[in-house]
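Only one structure is covered here, and it is reproduced in the block below.
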Protein chains: 2
Amino acid sequence: MTPKLDSTPRKQPKQDRSQATVEAILMAAAHILTELGLDSFTTNRVAERAGVSIGSLYQYFPNKKALLFALAQQDAEKMQQLAQEHLTNVEHLTIAQVVQQIVRAAIAAHSANPRLHQVLHEQISRDQVMPAAAESQVENLLRSFLEQRRDQLKPENLDLTVFMVSRTIESLIQRAILDRTPWLESGELEAEITRLISGYLVKS
Amino acid sequence: MTPKLDSTPRKQPKQDRSQATVEAILMAAAHILTELGLDSFTTNRVAERAGVSIGSLYQYFPNKKALLFALAQQDAEKMQQLAQEHLTNVEHLTIAQVVQQIVRAAIAAHSANPRLHQVLHEQISRDQVMPAAAESQVENLLRSFLEQRRDQLKPENLDLTVFMVSRTIESLIQRAILDRTPWLESGELEAEITRLISGYLVKS
DNA sequence: CTAAAATATGAATGATTACTCATATTTTAA
DNA sequence: TTAAAATATGAGTAATCATTCATATTTTAG
């Protein structure tokens with residue numbers, strides 16, 4: 001008897017019609033979150049933007065939180081996928097080169113929809129119910145890479161290292177994007193983060 | 001005719017009595033924000049906790065945002081003060097030693113009331129009206145230190161360097177505190193951040 | 001002592017919003 | 001063809017909350 005979470009989908013859409021409804025709702029939700037912000041994110045507004053009655057929304061999402069949950073899942077999947085792509089066939093590269101790959105991938109991932117990503121992130125840290133899966137998945141990729149190169153690494157504590165690296169990259173990029181710094185476009189940021197992390201990781 | 005901000009205090013408390021009221025309100029506000037979170041942060045609840053009528057609250061704060069504004073100002077002052085204390089009489093130290101001082105100060109600053117600090121931080125990035133003064137003040141201290149040691153530094157772009165250093169330290173500490181990692185207590189975090197930043201800054 | 005100024009009160013207002021439910025329409029499958 | 005299942009509708013409900021205002025109490029100053 002697994003107690004179902006509040007945010008469990010209310011019912012599975014079976015027909016094409018309802019599938020389209022769910023997609024429209026999710027798109028509208030993302031749009032309102034990014035364009036109008038969390039304060040304007042009301043279930044009625046989402047339904048309206050989706051061109052769907054408020055009742056229909058509640059057919060598939062038992063409450064507002066479930067909507068955010070669903071968006072977070074989508075976001076996590078995209079992140080995970082991007083990380084995968086950039087972290088395969090990497091055996092022949094130096095650590096510094098791989099770090100550059102990672103930084104580049106992270107910039108790409110965050111550039112896609114930074115505001116949505118940020119809002120979801122804040123909700124995750126507020127709500128225990130949300131999937132921190134997004135990070136932990138990506139962090140697992142990082143961890144396995146670091147394990148493979150363990151002999152070339154300066155830090156001893158692998159968990160701490162994963163924390164330092166992932167958190168540093170994530171926050172620098174996130175902030176740079178939201179602040180619209182020029183260092184993103186110019187490539188300076190990528191270079192500096194790469195140097196910061198490489199110097200920290202590699203045995204001198 | 002400077003258009004007054006919404007968050008301008010409604011009236012200045014002149015008597016001791018009203019001074020006490022304002023302080024009680026601010027204390028209650030901080031308490032509710034940290035203990036119950038932003039969702040439970042209602043003006044009526046703050047007034048109740050302060051032992052004051054809702055009307056009195058609105059005598060001194062024209063709206064809810066003004067309350068957050070006032071808290072943010074208090075917080076900024078404390079941060080600024082702590083940074084000052086830890087960054088004086090530093091001329092005879094190496095860069096690595098100073099970085100350690102900074103990291104230690106930052107840990108102390110954030111440990112004081114991490115949740116309050118985080119909530120205010122999030123509001124600042126959401127609202128344009130809020131004082132980003134907190135960071136910029138501390139960043140100025142950092143900038144002037146880096147300027148003094150410019151010849152020993154590897155990075156060329158000072159603004160970018162300030163961004164990298166302040167943002168990295170801030171986010172690593174914030175996250176470590178909120179995640180309750182054991183690396184804080186053990187001192188490992190302080191050592192690792194210091195190494196990360198020092199390696200990045202100092203000419204090899 | 002007294003009137004004006006400062007301060008405090010809290011019920012009431014109006015607006016917002018998450019969510020429900022009774023009913024209507026559409027699709028499926030037999 | 002038809003009944004059941006799936007899907008859609010949106011006015012309505014109840015709760016919450018920021019803010020106001022008319023009134024009451026306290027303090028100050030002359």
Side-chain angles (χ1 to χ4, degrees), chain A residues 4-29 32-33 36-71 119 123 126-127 129-130, chain B residues 4-29 32-33 36-71 119 123 126-127 129-130:
Chain A
K4 288 196 178 172
L5 288 178
D6 268 339
S7 45
T8 298
R10 181 158 277 182
K11 65 166 67 167
Q12 299 301 330
K14 306 212 164 188
Q15 306 175 359
D16 287 358
R17 173 166 68 131
S18 54
Q19 193 64 41
T21 298
V22 169
E23 271 166 37
I25 291 171
L26 286 175
M27 281 187 60
I32 286 174
L33 259 188
L36 303 178
L38 190 62
D39 291 342
S40 304
F41 184 71
T42 69
T43 51
N44 285 283
R45 215 189 301 267
V46 168
E48 185 189 36
R49 162 97 199 175
V52 147
S53 76
I54 179 63
S56 288
L57 188 152
Y58 279 93
Q59 297 265 351
Y60 304 102
F61 302 94
N63 51 49
K64 197 176 163 182
K65 195 191 286 182
L67 248 179
L68 286 171
F69 187 92
L71 284 178
V119 170
Q123 291 312 303
R126 228 191 283 305
D127 262 323
V129 190
M130 289 253 184
Chain B
K4 287 192 178 174
L5 288 178
D6 269 339
S7 44
T8 298
R10 182 159 279 184
K11 65 168 66 167
Q12 298 301 330
K14 305 213 163 187
Q15 305 176 358
D16 286 358
R17 170 167 69 131
S18 53
Q19 192 64 40
T21 298
V22 168
E23 270 166 37
I25 291 171
L26 286 175
M27 281 188 62
I32 286 175
L33 259 188
L36 303 178
L38 190 61
D39 291 343
S40 304
F41 183 72
T42 70
T43 51
N44 284 282
R45 215 189 301 268
V46 169
E48 186 190 35
R49 163 95 199 175
V52 146
S53 75
I54 180 62
S56 286
L57 188 153
Y58 278 92
Q59 298 265 349
Y60 303 103
F61 302 94
N63 50 51
K64 199 176 163 181
K65 193 190 288 182
L67 248 180
L68 286 172
F69 187 93
L71 285 178
V119 170
Q123 290 313 303
R126 226 189 286 305
D127 261 323
V129 191
M130 289 252 184

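Residue numbers begin at 1 in each chain, while the letters A, B, ... track the order of the sequences.
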Protein-nucleotide distance ([X], atom [atom1]; [N], atom [atom2]), rounded to Å:
X: A:F61; N: D:dT7; atom1: CZ; atom2: P; answer: 13 Å
X: B:L38; N: D:dC17; atom1: CG; atom2: P; answer: 12 Å
X: B:Q19; N: D:dT27; atom1: CD; atom2: P; answer: 16 Å
X: A:E48; N: C:dT17; atom1: CD; atom2: C1'; answer: 14 Å
X: A:N63; N: D:dA14; atom1: CG; atom2: P; answer: 20 Å
X: A:Y60; N: D:dT9; atom1: OH; atom2: C1'; answer: 12 Å
X: A:D39; N: D:dC17; atom1: CG; atom2: P; answer: 14 Å
X: B:K65; N: D:dC17; atom1: NZ; atom2: C1'; answer: 17 Å

Can you see which heavy atom on [X] is nearest to which on [Y], and at what distance?
X: A:V22; Y: A:F61; value: CG1-CZ, 4.2 Å
X: B:Y58; Y: B:N63; value: CE2-CA, 4.0 Å
X: B:S56; Y: B:T21; value: CB-CG2, 4.4 Å
X: B:A24; Y: B:A50; value: O-CB, 3.6 Å
X: B:S18; Y: B:Y60; value: CB-OH, 3.1 Å

>> Between B:T21 and C:dT7, is there a contact of a side-chain N or O with OP1 or OP2 at under 4.0 Å?
In response: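 For B:T21, the contact criterion (side-chain N or O under 4.0 Å from OP1 or OP2 of C:dT7) is not met.
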**Prompt:** Looking only at side-chain N and O atoms, does A:T43 come under 4.0 Å of OP1 or OP2 in C:dC19?
**Reply:**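 For C:dC19, OP1/OP2 do not have a side-chain N/O of A:T43 under 4.0 Å.
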Exercise for the section: Kindly indicate, with the supporting measurements, whether the criterion side chain to side chain contact (heavy atoms under 4.5 Å, CB included) is fulfilled by B:L67 and B:L57. Expected result: CA-CA 9 Å; B:L67 248 180; B:L57 188 153; 4.2 Å; yes
>> Determine whether B:L36 and B:R45 satisfy the following criterion, side chain to side chain contact (heavy atoms under 4.5 Å, CB included), listing intermediate values before the conclusion.
In response: CA-CA 11 Å; B:L36 303 178; B:R45 215 189 301 268; 4.1 Å; yes
Any donor-acceptor N/O pair under 3.5 Å between C:dA6 base and B:Q59 side chain
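No.
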For nucleotides 24-30 of chain C, tabulate all protein N/O to nucleotide N/O atom pairs closer than 3.5 Å, reporting atom names and distance.
none

All N/O contacts under 3.5 Å from nucleotides 10-16 of chain C to the protein, with atom names and distances to one decimal?
from, atom 1, to, atom 2, distance (Å)
C:dG10, N7, B:G55, N, 3.3

Worksheet item: Roughly how far apart are A:M27 CE and A:R49 CZ, rounded to 0.5 Å?
Response: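 Going from the CE atom of A:M27 to the CZ atom of A:R49 covers 7.5 Å.
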**Straight-line distance of B:L38 CG to B:I32 CD1, nearest 0.5 Å** =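 It is 11.5 Å, given to the nearest 0.5 Å.
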